[in-house]
Number of protein chains: 2
Amino acid sequence: MKSYDYAYRPLVAVDCTIFGFRNGKLNLLLVRRDIEPRRGEWSLMGGFLQAHESLDEAAARVLEQRTGLQDVYLEQFKAFGAVDRDEAERTVTVGYYALVDQDEAEVQLSSDYAAHWVPITDVPPLIFDHNEMVEAALQRLRHRATHEPVGFELLPEKFTLTQLQSLYEAIFGTSIDAGNFRRRLRKMEYLQRLNEKDTNTSRKGAWYYQFVPEVYAMAKRNGADFLLKP
Amino acid sequence: MKSYDYAYRPLVAVDCTIFGFRNGKLNLLLVRRDIEPRRGEWSLMGGFLQAHESLDEAAARVLEQRTGLQDVYLEQFKAFGAVDRDEAERTVTVGYYALVDQDEAEVQLSSDYAAHWVPITDVPPLIFDHNEMVEAALQRLRHRATHEPVGFELLPEKFTLTQLQSLYEAIFGTSIDAGNFRRRLRKMEYLQRLNEKDTNTSRKGAWYYQFVPEVYAMAKRNGADFLLKP
DNA sequence: GCAAAAGTGTTTAATTTACACCCATGG
DNA sequence: CCATGGGTGTAAATTAAACACTTTTGC
C-alpha cells in the first residue's frame, strides 16, 4: 500500500573515503572511475543504494565488492545533495569514511580494481564534489580520533607507541611532544604492552602494544573517556 | 544524457528537529502528522526533496512552509536509511536540526500548523525512527554548542548571562558554577555588554549582552576559539 | 534590614607544556 | 664508544573547580 504519491525520485548513492596509514603517511584509496561520464578520472569508491539494504550496509557492500575488505571501521559523516553535483543525473550521496590496516588491505586488493593509495597531503583533483567529501571526512576523522580510540583501526594488531604517535601526527598534520604523548598513553589501561619488541627501526627496540576493546569498554562504563589532543 | 541505468529509486526526504528555549527549558517543536500512515501521531517536520533544490534548501523550505520561519540556523546531522524505517515506502531521510528564538517563532506559528513545543526532557513517542533522530540531533547540538557560538541562536538578540547559563544547563542537563561560567564569558570580546538592564528577574537587574558575529569572526581569524564546556 | 539574584575574587588542585635527561645496542 | 631512537622525570605555567564573598534594590 503506497500512501505517498510523489513522482520525484533521485538516485541515492554511497561514497567511501578510505583511509590507510603507511610509513608515517596518511593515505587515501582512490580508483579510476569505470563508467561514463568522467570515465578514467580519479574518484572515491561509490555505488548505488539497493532496495534490500540500509545505507550502512550499502557502504559496507561497496567497500567489500571493490576491495575485498570486510569488517572494517565505517562511519557515515555527511550527505551531499547539491542539485548538479553529479552531471549525469541527480544523485544524492551519503559519505562514509573507512579506516583500514593498509598492510592487510594491500593483500586483498587485486590489481584489476585499479585502486591506488595516494597521500592525504597530495590528493589529485577528483570527480564531482569528491574533494569536498574528502575534506569533510578528514575533519570527522580528526574529531573522532581525538575522542574515541579509532586510530588503532589504521594500525596492525601490534604497534609501537612511536608508530601511534606518527599516526596522530599524520592525521593532524602537526608534531607532537613524545614525552607528553606517551605519558597520556601510559594511563590508558586498555593499551596493553606485549612481551615483544619491534627491532626494525632502532637498536634498542620498541615494545609492541595492543588495544584491548574489552578493557576499554569497561573503563568507559566507569566514566573514563578517551582523549588524545594533537 | 543518462548514463546510469538503475531502476531503484527510493524517496528522499528531510526532517527537521527544531529546538527552542523558554523559561529555562530546551524545547522541541513537534507536529501532528497529516498524512497516512500514522496520521495524527507526533512527528518531526519533514518533507520530500524536490528536483530543483539541494538538501540544505529542502530543509529550509520545509521549515519555512510549516512554520513561516526564515533565516534560521540549520545544520545537517545525519542521514537515516534503514530499509523499513518508513512503513509505507522506502524513504531515505536526511536529518537537520534548527535553532530558533522561541519567542520570535511563536509569533510566526499560526495555529493551524498544529505545531506544539514540548520540553526535550519529555518527548513523547514519535513516528518511525524520529525519537532516534532527536537523540542524534541533541548530541550534535551539544557538541556544536561547546565548540561554536551557536547557543545564541536560541536566545533573543539581547540576553543576560544568567539566561545564557540557564540555556547551557538545559542543553547539557547539568548545573554550572556561575562564577566559573561568567569568568570564561568575560574573556570573550565578541560578547558585548549593552547599556541596558533586564529587571524582570531581580531587583538589582542584570546587564543585557549581545553576540557580535563580526568580532567573533575576527577573533577566530586570530586563532582564538570558542569553548564552553558544561 | 533582609531576601535574592547578580556579579567578583581567592585558594587549591589538576593539567599542560617544555625540556632535560637516562637507556639500550648494533655497528 | 657513540649515534640513535626509545623511554622517563620534573619544574614552571596555565587552567579548572569549589566556594566564600560583595553588590544592588524592592519590599
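Just so we're clear, the structure is a prediction, and the values are computed from it rather than from any experiment. Naming: A, B, ... by sequence-line order, numbering from 1 per chain.
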For the residue pair A:Met133 and A:Leu44, what are the closest heavy atoms and their distance? CB-CD1, 4.1 Å

Test item: B:Arg142 side-chain N/O and B:Ile171 main-chain N/O as donor-acceptor pair under 3.5 Å: yes

Taking N and O atoms by type only, does the side chain of B:Lys204 place a donor or acceptor under 3.5 Å from a partner on the base of C:dA6? yes

With the threshold set at under 4.0 Å for non-hydrogen atoms, list the residues of residues 157-177 of chain B touching DNA chain C in residue-number order. B:Thr162

Quick one: A:Phe181 CZ to D:dG5 C1', roughly how many Å, whole number? 16 Å

D:dG7 P sits how many Å from A:Arg184 CZ, rounded? 17 Å

Take atom CG of B:Asn200 and atom C1' of C:dA6, then tell me their distance rounded to the nearest Å. 14 Å

Taking every non-hydrogen atom, the tightest pair across B:Val100 and B:Ala105: CG2-CB, 4.1 Å

Figure out the CZ/P separation between B:Arg203 and D:dT22, and round it to whole Å. 21 Å

Distance under 6.0 Å and angle within 45° of the ring axis: does B:Arg32 meet both against B:Trp42? yes

Taking CZ from B:Arg183 and C1' from D:dA16, how many angstroms apart are they, rounded to a whole number? 8 Å

I want to check something: taking the side chain as every heavy atom from C-beta on, are A:Leu126 and A:Ser43 in contact at a cut-off of under 4.5 Å? no

With nearest nucleotides of DNA chain D determined for A:Arg186 and B:Ala178 from heavy-atom distances, which residue corresponds to the more 5′ nucleotide? A:Arg186

Within this structure, what is the CG-to-P distance between B:Asp198 and C:dA4, rounded to whole angstrom? 19 Å

Does D:dG6 have OP1 or OP2 sitting under 4.0 Å from an N or O in the side chain of A:Thr201? yes

Whether B:Arg182 contacts C:dG7 is assessed here as follows: a side-chain N or O lying under 4.0 Å from the phosphate OP1 or OP2. Is that the case? yes

Separation between CD (B:Gln163) and CG (B:Asn23), nearest 0.5 Å, reads 10.0 Å

From CG of A:Asn180 over to C1' of C:dC19, roughly how many Å is that when rounded to an integer? 9 Å

Salt bridge A:Glu148-A:Lys220, side-chain N to carboxylate O under 4.0 Å: yes

Pick the closest DNA chain D nucleotide for B:Gly205 and for A:Ala206 by heavy atoms, then say which residue is nearer the 5' end. A:Ala206

Send over the distance from A:Lys187 NZ to C:dA14 P, rounded to a whole Å. 12 Å

